[in-house]
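Throughout, numbering of the chain's residues begins at 1 and tracks the sequence. Reckoned from all heavy atoms, side chains included, excluding hydrogens, waters and symmetry mates. Both ligands and their constituent atoms are indexed starting at 1 by order of listing.
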Amino acid sequence: MTINVLFVCLGNICRSPMAEAVFQHLVNEADLTDQFRIDSAGTGNWHVGEKAHPGTRQILAEHGIAYNGRARQVTRQDMADPHTYIITMDKSNSDDLRRVFGPHANQYRLLDFARETAVTDVPDPYYTNNFETVYQLVTDGCQGLLETIRQREGL
Ligand code: 4NP
């Protein structure tokens, strides 16, 4: 059985591509690549087709993590499977998804899973330019998310 994980932010160029890349990296390191299908998307459509933000690409490269994705917008189909893990970056992403698509049975904020921080929303580096802080928060959340999924799914 494949476990689907979709990371969602506003533009799909800064935070959710970073989370997608970091989570894929952790899954690969754990030898679980075949068990997962991992993707990201934005609630907005402004950046559809664009590469990740240079700040995201740089911080991933600094940490030896590959990423080649292009931005896309969340679709109704993305939200159709109640087993897909829908992982948002902040409360406004969660609210936007609920407003557009209705409640989803398996939707969380990434930092619900973080162990090292009490911060609940990943700040938007499009405005703060602080990609290092975002990387630390995203990594904390992704580590906790993978542990939680492994327990829940028996991996
Ligand atoms: P992201 O950052 O949601 O982390 O990809 C943003 C990127 C673009 C915009 C906002 C946030 N924008 O307004 O264009």
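Nearest heavy atoms, Leu6 versus Ala41: CD1-N, 4.1 Å. Across Asp140 and Arg115, no two heavy atoms sit closer than the pair OD1-N, 2.8 Å. Thr56 and Ile13 get closest at one heavy-atom pair: OG1-O, 3.8 Å.
When heavy-atom distances to ligand 1 are checked against 4.0 Å, the residues falling inside are Cys9, Leu10, Gly11, Asn12, Ile13, Cys14, Arg15, His47, Asp124, Tyr126, Tyr127, ordered by chain and number.
Here the two rings, on Tyr85 and His104, have centers that are 6.0 Å apart or farther.
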Side chain to side chain donor-acceptor pair (under 3.5 Å) assessment of Asn106 paired with Tyr108: CA-CA 7 Å; Asn106 209 20; Tyr108 312 92; 2.7 Å; yes
Asp90 and Arg109: CA distance, side-chain angles, deciding distance, salt bridge (charged side-chain N to carboxylate O under 4.0 Å, His left out) verdict: CA-CA 6 Å; Asp90 64 29; Arg109 265 188 272 180; over 6 Å; no
